[in-house]
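All values below were derived from every heavy atom in this structure, side-chain atoms included, with hydrogens, water molecules and symmetry-related copies excluded.
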Amino acid sequence: MDEEEEARLSARDHYAIARLLNNESGETGDLELDPTISDTILDEDLFTFDDSLELDPATRSQTLRQIGRPRVLPLQSRCAAVATIQSCSTAGPSQLNATTVMDEDLLNRTDHHPIQPDEENLPHPAGQSSKKLRMLPIKEHLQTAGFHSLSMDTFSPLPSPMSVASPSDVAADTESVPDEDQFCAEYFSNYHSDEDSTFLDDFGAAMDLNQMSPPSSDEEEAQSLRNDSVPDPPVYKGAPITVRESLTAILSFVQSEHISGAGVGRLLSLINLHLLQPNNFMKTNAQLFKKLGVDDPVAIHYFCSICYKSRKGPTDLCDSCADTSKHVQYFITFPLESQLKKMFERPDFVEDIKYRQTRSKKNNENIEDICDGEVFKEAEKSFVENCLHVSLMWNTDGMQVFTSNTFSLWPFYLVITDLSPKKRFLSENLLIGGVWGSVVKPHPNVFLLPIYKELKALEKGVDVKSNGNSIKVIVKVVCGTCDSPAKACFLNMKSHSGFYSCPVCTIRGQKPSKDVPTVFPYEENVRLRNLDDYQRHVKWAVDHKVILYKTPRNEEKWCGIKGPTILSSIEPNIFDSTATDSMHCVDLGVTRQMLHLWFDKDNKDQNFSIFKKLNEVNKRMRDLTPPHYLQRTPQTIDKLIHWKATELRSFLVNLSLIVLENILMPAYYAHLALFVKGVSLLNTSSVSEEDLVLASLFLNQFVSQFQDLYGIENMSFNLHMCTHLERIVRKLGPLWSIGCYKLEDINGRLGNFIHGTCHVGLQIYSNLSIVTKLPLMVQNLREGAAKNYCNSLLKKRYRLKISEKIGTGLYCVGPLRCVNSAYIITVLQTVVAKECNVQVYSRLLKDSMLYVSSSYSRGKKISSYVKYSKDGIVMYGNVDCFACISCMCSISCNCTREHVAIIKPKAVNVLEIQGIEVSHLFRHYCTDVCKDLTSFDVIRVSDLQTVLFKINGSNEIFLCEPLNDFEKD
């Protein structure tokens, strides 16, 4: 690019961040980028902005100035602090108005809090068009900030539930230039300069986690809620519960029923209506949150919507950008250390986090979780003795929160992988590094820098309190997972439609024609990405300004890398540590693509099309009766557009080979079996080395044959990524452990925290803070009705009538009845030697899975076919009923009650398709037509292993076994 062409580029398309990613400790790590290539480039697709911004002309002409040094401010009504006021003429304290200047020395006194703005001063998250930026008069500023009096000597700040960090002074990276076209020379000027740009440092300076405001009255009250020595008065005189118990019970109910903020206020008014007056009850939301004391600090980082330069506040427009549509946007980061400390306050958290050491593996040599992958084992070598290590997995994805515009939220999650799979995705165990809210995708190096700095501090260790003991905890990010668009964004690479867009290898895509998207024909032995090549690609991309290319050129020099990413300093190896999840790649990707190829009317003339057999397939789908563990009943193919990811997953692994038998042509049917078998091997509870080898063989064969069967124009990006699934499982763990299913569910739960259009990031964090501390609040309650009520709401509830608890995770469901069948008595006599009392029942709950006997006729689903063990042998059968065997003692005794299952065994064969054994699918030919009393098995209910999906055939039935214990819905 010559100088003349470069000079014509506008500032909007022409600003770069030049900053070296130096290790905070001063040491250079192995994964740090070379200083000569550590410039951060803004992606071209991030320069879109909101054209609807309207600024008040009076606001635009006002002069802003910083009042004193930045400090941590109390957050009033969850809004950010702005330490700017209007410059005016001097006047006395008693004559303050919109044209008054406060004495700066007086404002800088350490015993006063800086001024806070009205909530309307903050930019609207969905765009600036709905609210004009304006400067409040001095009097309104003082009232908004919480000062009772205008006297300078009697400032008395109101208590606030949360603290926020004010941005620091920011030196301009460039001088103001009258003509924006002249600004282009500054774009890459820092790349060969010896002076580092302070732009990224300015973002990081927006919050000092070590500086905290003195405890406010709210903080003291919050501490009193956790201190049993502080009196806890009853709600009213003579009330059976106290204020603390009432607060905890209300919050438990609100979380359980997903009640909005406005709904909470109306609920409080209703409860107060039924109470004696006067009372100590919290009558409004403000009083409730004051009692709760949400006091965690947050950091709001302001930046220019055009050039992404750091700004001091919401009204500090950029001087360097001449674009009239410029405005100030912001993102929010949350302190990870305080979130982590809250978790360790829970009595059982330390034991929960030792899941990796206490778990019982099925096979010590197999891969059964993230901690069995090569990436974690390599990170484990650097663990320090006598310290508790916490390993994290990051995830991010855009979530649409409003239907009226394109505004989206990008939460940055951190999942604690040291917890068990059932607990690591719970809301109270979730860490949130920050939230980016905008109409454009986040820039990784702007968004991740403050999170990166705090993670580096946590890697050095932090002291936490747990059960009265001090523990040193070292936190480290081990891996991450997200969909392909988010991965391309945060790895600063070409998107999945680009030629060099694979994050694992350097395969080059092709463009068969203008109307066909980029395709990836099958290739063998493609060079894998590594850190050495990455640094070389980054250097070339920065030197040649590849983000400015309108058409790709010299792509083999940069291989899709548009610039460096801070993520490379957070993860051990961004290419090995960033997963490809099965939800987006396999289920929403290849499975849905194949269904469209088979059943779309546009393909009816193709050899692979089965559009003409659509009615027959739909009939088979309607005849399915799934078990209870499948939450969604399978839909017909003509409703494919409405299928969820879980339905696509269930169709692939459970139904496709059975429903499409004798529907697909033999070559296409055998080809499908390769895909089902390969994915299933990588998604089991325990993946062996043999499974990895076979899965790699089957998936590579599936992709290589796909081009011949379906054409090169259908060789999609997701199809190519299937060739890397075996490597990803070897590095990071089974597909279910690094998938996005539970993380997408977290997005839905966070959506329940949003009850308005203003400051959605703060809404999410304040509500999540409550959810995180709620288990501890319930734990600290005295034993009684209130604590029992809270526990019943917070625990997973089943809409089942539990008759008896048999053991840990084992429950008898429904009434116990007297035996009215002669064959049951006959069967039990063969296993019970002495006279006893026998009662039967139809349903059993074991490890959150419902078993329903064939004698139960009220349900529409079938959960009677089971896998069980007898004398150490794995068997399959149909549960006829459950029985409770007890003694005949007439008085109270210590005799034990035994629960058994009466099962009709079924002889099954593994489904085999052209030599491929699909080991989780079984075929049983229906030959038994009567009850043969000699062929029943009586086993303890603890020997039941899992429920099977029964699918009817013409003269046979098929049984499908769940692949793992985690993804059953």
Side-chain angles (χ1 to χ4, degrees), residues 359-366 368 627 629 653-654 677 680-681 683-691 694 806-810 823-824 826-833 840 844-847 849-855 862-885 896 898-912 916-951 956-965 968:
R359 63 179 176 144
S360 177
K361 293 190 63 174
K362 297 180 179 180
N363 189 312
N364 291 331
E365 303 299 324
N366 289 1
E368 298 181 0
Y629 69 78
V653 299
N654 297 334
K677 177 66 174 179
S680 301
L681 288 173
N683 206 22
T684 58
S685 298
S686 183
V687 183
S688 65
E689 178 64 28
E690 181 183 359
D691 293 338
L694 288 175
I806 304 172
T808 304
L810 260 174
Y823 87 90
I824 294 180
T826 304
V827 169
L828 291 178
Q829 285 177 348
T830 61
V831 294
V832 179
V840 296
L844 176 82
L845 186 66
K846 181 177 184 291
D847 297 332
M849 181 171 283
L850 185 65
Y851 295 74
V852 182
S853 66
S854 58
S855 61
I862 297 178
S863 298
S864 60
Y865 285 83
V866 298
K867 176 183 177 181
Y868 63 98
S869 62
K870 181 182 180 182
D871 299 328
I873 301 174
V874 175
M875 303 185 69
Y876 301 87
N878 187 19
V879 177
D880 192 80
C881 69
F882 300 100
C884 175
I885 304 173
T896 58
E898 188 171 5
H899 290 258
V900 298
I902 302 175
I903 302 175
K904 179 72 173 179
K906 303 291 182 181
V908 299
N909 298 313
V910 175
L911 183 64
E912 183 175 346
I916 303 173
E917 291 188 351
V918 187
S919 55
H920 69 284
L921 296 177
F922 307 92
R923 190 194 304 265
H924 168 71
Y925 293 98
C926 303
T927 56
D928 49 335
V929 293
C930 61
K931 288 184 169 63
D932 181 5
L933 300 185
T934 63
S935 63
F936 278 92
D937 286 338
V938 181
I939 65 166
R940 293 185 177 88
V941 293
S942 57
D943 291 330
L944 294 170
Q945 294 187 8
T946 188
V947 174
L948 305 176
F949 189 169
K950 178 226 178 184
I951 305 171
E956 59 192 356
I957 63 172
F958 297 92
L959 301 177
C960 180
E961 181 181 350
L963 293 178
N964 55 70
D965 300 328
K968 291 182 179 179

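- The side chain to side chain donor-acceptor pair (under 3.5 Å) pairs that include a residue from residues 941-950 are Lys950-Asn952, where partners are two or more places apart or lie in different chains.
- Judged as a side-chain contact (heavy atoms from CB on, under 4.5 Å), and not counting sequence neighbours, the contacts of Ser680 are Val653, Val676, His920, Leu963.
- Here the closest non-hydrogen pair linking Ile902 and Ile824 is CD1-CG2, 3.7 Å.
- In this structure the side chain of Leu844 reaches within 4.5 angstrom of the side chain of Leu810, judged on heavy atoms.
- In this view, Tyr876 and Phe922 satisfy the ring pair (Phe, Tyr, Trp, His ring centres under 6.0 Å) rule, not counting sequence neighbours.
- Nearest heavy atom pair, residue Asn363 against residue Ser686, reads CB-OG, 4.2 Å.
- Between atom CG of residue Asn909 and atom CG of residue Leu921 there is a gap of 13.0 Å, rounded to the nearest 0.5 Å.
- At distances below 3.5 Å, at least one donor-acceptor pair connects side-chain atoms of Lys361 with backbone N or O atoms of Asn364.
- For the pair Phe958 and Leu911, the tightest heavy-atom approach, listed with the atom from each and the gap, is CE2-CD1, 4.2 Å.
- The shortest non-hydrogen separation linking Asn964 to Thr684 is CB-C, 4.0 Å.
- Legend: residues meeting salt bridge (charged side-chain N to carboxylate O under 4.0 Å, His left out) with Glu917, ordered by chain and number and at least two apart, are absent.
- For the pair Val938 and Leu828, the minimum side-chain heavy-atom distance is below 4.5 Å.
- Ser854 is linked by a side chain to side chain donor-acceptor pair (under 3.5 Å) to nothing, counting only residues two or more places apart in sequence or in another chain.
- For Glu368, there are no salt bridge (charged side-chain N to carboxylate O under 4.0 Å, His left out) partners, not counting sequence neighbours.
- Proximity of Pro627 to Met849: side-chain heavy atoms (C-beta onward) are nowhere separated by under 4.5 Å.
- Separating the CG atom in Leu944 from the NZ atom in Lys867 is a distance of 12.5 Å, to the nearest 0.5 Å.
- How far OG of Ser935 is from NZ of Lys906: 8.5 Å, rounded to the nearest 0.5 Å.
- By the side chain to side chain donor-acceptor pair (under 3.5 Å) test, Glu956 pairs with Arg923, sequence neighbours left out.
- Residues Val908 and Leu959 share a closest heavy-atom pair of CG1-CD1, 4.0 Å.
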Would Ile885 and Val900 count as a side-chain contact (heavy atoms from CB on, under 4.5 Å) if you check the C-alpha gap in whole Å, the side-chain angles of each, and the deciding distance to 0.1 Å? CA-CA 8 Å; Ile885 304 173; Val900 298; 4.1 Å; yes
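- For His899, the ring pair (Phe, Tyr, Trp, His ring centres under 6.0 Å) partners at least two apart in sequence or on another chain are Tyr841.
- A 6.0 Å sphere centred on CZ of Arg359 holds more than 12 heavy atoms belonging to other residues, nucleotides or ligands.
- Using a 4.5 Å heavy-atom cutoff, the side chains of Tyr629 and Ser863 are not in contact.
- Residues satisfying the side-chain contact (heavy atoms from CB on, under 4.5 Å) criterion with Val879, sequence neighbours excluded, are Ser853, Val866, Phe882, Ile903.
- Under the rule for a side chain to side chain donor-acceptor pair (under 3.5 Å), the partners of Tyr868 that lie at least two apart in sequence or sit in another chain are Asp937.
- Taking CZ of Arg940 as the reference point, atom OG of Ser869 lies at 11.0 Å (rounded to 0.5 Å).
- Taking every heavy atom of both residues into account, Ser685 and Lys362 meet most closely at CB-NZ, 3.4 Å.
- Side-chain atoms of Val852 and Ser864, non-hydrogen and from C-beta on, never get closer than 4.5 Å to each other.
- Among residues two or more places apart in sequence or in another chain, the side-chain contact (heavy atoms from CB on, under 4.5 Å) test is passed with Asp691 by Leu681, Val687, Ser688.
- Qualifying side chain to side chain donor-acceptor pair (under 3.5 Å) partners for Lys846, counting only residues two or more places apart in sequence or in other chains: none.
- Counting heavy atoms from C-beta outward, Asp847 and Asp965 have side chains that stay 4.5 Å or more apart.
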